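Notes follow the structure.
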Amino acid sequence: MKNALLAWFQANERDLPWRKTRDPYAILVSEVMLQQTQVDRVIPRWRAWLERWPTVEALAAASAADVIVAWQGLGYNRRAINLHRAAQHVATHGWPDDLTELPGVGAYTAAAVGNFAFGHDVLPVDTNVRRVQERTGESFDGSCAQALFDLGATICLARVPRCGDCPLAYACPSRGRRYEPLRKQPAFEGSFRQRRSLALRAVAAGDQPADGDALVSLARDGLVVLHDGVASLPA
DNA sequence: GTCCGGAGTA
DNA sequence: TACTCTGGAC
């Protein structure tokens, strides 16, 4: 199966700019951005981010406020803070052997940076890779990572896989199956998440939001600081 | 297990 | 309008 996968990948690889670098910082930024957002939206944001902060030292020297503002619209604002803190850790101590020591870096992201930047033969298992492995019953090694990403993103889709176009269908026991959605999420409209988002945007714009609960929650995550009830972005 | 954003899509 | 989509922290 591995050979069929890699042959397909050679002919169908997506053109993603972070695949052209081995800089662990640039790759980490791409992985953190991609943890929540579609590839097409991330590409311009990733380019702009690296233009503004080309190195891990540059990001470490930025203010948290600038990082939060630059992250606007990418979602999950805690990740921006974690990325900033991770950069400060690396700028001070260098890259740790165990990348999960960095805030916001778990098993998946550590494996991705370890493989793509440091050349370790580890397979970063994200939801796409897990799905392909479960459906095919095959265990792939680290050299298949990018191929599995692309297969999972374009062919082996979560609910209605395109088995007719799949290079692994000939040997796949799940060929032709369809699946129920795995998670359900409450509506964003009217949610506390939305209130947090609105409050943070207001603070970033220099306003004082009236939503105290949202501000307290943001302060717990280090996204705002409260002094005598006055909210501002962290320095 | 729950929480976390918000744009794209049907 | 309602629903889809992530990995990590807790």
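Throughout, protein chains are lettered first and strands after them, A, B, ... in sequence-line order, and every chain is numbered starting at 1. Only a predicted model underlies this, so the values are computations on that prediction, with no experimental measurement involved.
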With Watson-Crick and G-U wobble geometry limited to distances under 3.5 Å, how should the secondary structure of DNA chain B be encoded in dot-bracket form, using | for bases paired to another strand and [ ] for crossing pairs? ||||.|||||

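Remark: P of C:dA9 and CZ of A:Arg193 are 17 Å apart, rounded to the nearest angstrom. The nearest whole Å value for the distance from the CG atom in A:Leu34 to the C1' atom in C:dG7 is 12 Å. Atom CZ of A:Arg195 and atom P of B:dC3 are 13 Å apart (whole Å). Whole-Å rounding puts the A:Leu223 CG to B:dC3 C1' distance at 13 Å. Rounded to an integer number of Å, the gap from A:Asp221 CG to C:dC10 P is 9 Å. Atoms CG (A:Leu198) and C1' (B:dG5) sit 10 Å apart, rounded to a whole Å. If you take CG of A:Leu200 and P of B:dG5, they are 8 Å apart, rounded to a whole angstrom. Between A:Tyr76 atom OH and B:dC4 atom C1' the separation is 5 Å, expressed in whole Å.
Atoms CG and CZ, on A:Asp221 and A:Arg78 in that order, are 4.5 Å from each other to the nearest 0.5 Å. One finds the CG atom of A:Asp66 at 8.5 Å from the NE2 atom of A:His84 (value rounded to the nearest 0.5 Å).
A donor atom on one side chain and an acceptor atom on the other are found under 3.5 Å apart for A:Asp141 and A:Ser143. A donor-acceptor contact under 3.5 angstrom links the side chains of A:Asn128 and A:Arg131, judged on distance only. Side chains of A:Gln35 and A:Thr109: a donor-acceptor N/O pair is present below 3.5 angstrom, by distance only.
A cation-pi arrangement is found for A:Arg79 relative to A:Tyr76, the charged atom lying closer than 6.0 Å to the ring centre and inside a 45° cone about the ring normal.
With both ends at atom P, the span from C:dC10 to B:dG5 equals 14 Å, rounded to whole Å. Annotation: B:dT9 and C:dT6 have their P atoms spaced 15 Å apart (nearest Å).
Nearest-nucleotide positions on DNA chain C for A:Thr100 and A:Asn128 put A:Asn128 closer to the 5' end. The residue among A:Leu102 and A:Gln35 whose nearest nucleotide of DNA chain C is located toward the 5' end is A:Gln35.
For residues 39-52 of chain A, the pairs satisfying side chain to side chain donor-acceptor pair (under 3.5 Å) are A:Tyr25-A:Trp49, with sequence neighbours left out. Counting only residues at least two apart or in different chains, side chain to side chain donor-acceptor pair (under 3.5 Å) contacts with residues 203-219 of chain A comprise A:Arg195-A:Asp211, A:Arg196-A:Ser217.
The nearest pair of heavy atoms linking A:Asn77 to A:Leu223 is O-CD2, 3.5 Å. What you find for A:Ala231 and A:Leu226 is that their closest heavy atoms are CB-CD2, 3.6 Å.
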Just the atom pairs and distances: protein N or O near nucleotides 7-10 of chain B's N or O, under 3.5 Å.
from	atom 1	to	atom 2	distance (Å)
B:dA7	O4'	A:Arg41	NH1	3.2

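At the heavy-atom level, A:Val105 lies under 4.0 Å from the strands shown only through sugar-phosphate atoms. Within the 4.0 angstrom heavy-atom criterion, no nucleotide atom of any strand lies near A:Ser191.
For the segment residues 77-86 of chain A, the set of residues with a heavy atom within less than 4.0 Å of an atom of DNA chain C comprises A:Arg78, A:Arg79, in numerical order.
A donor-acceptor contact under 3.5 angstrom links the side-chain atoms of A:Gln185 to the base of C:dC5.
Closest contact between the side chain of A:Arg159 and the listed nucleotides C:dT6, C:dG7, C:dC5 involves C:dC5.
Within a 6.0 Å sphere centred on CG of A:Asp97, other residues, nucleotides and ligands contribute 12 heavy atoms or fewer.
Under the side chain to side chain contact (heavy atoms under 4.5 Å, CB included) criterion, A:Gln146 pairs with A:Phe9, A:Arg19, A:Phe116, A:Phe149, not counting sequence neighbours.
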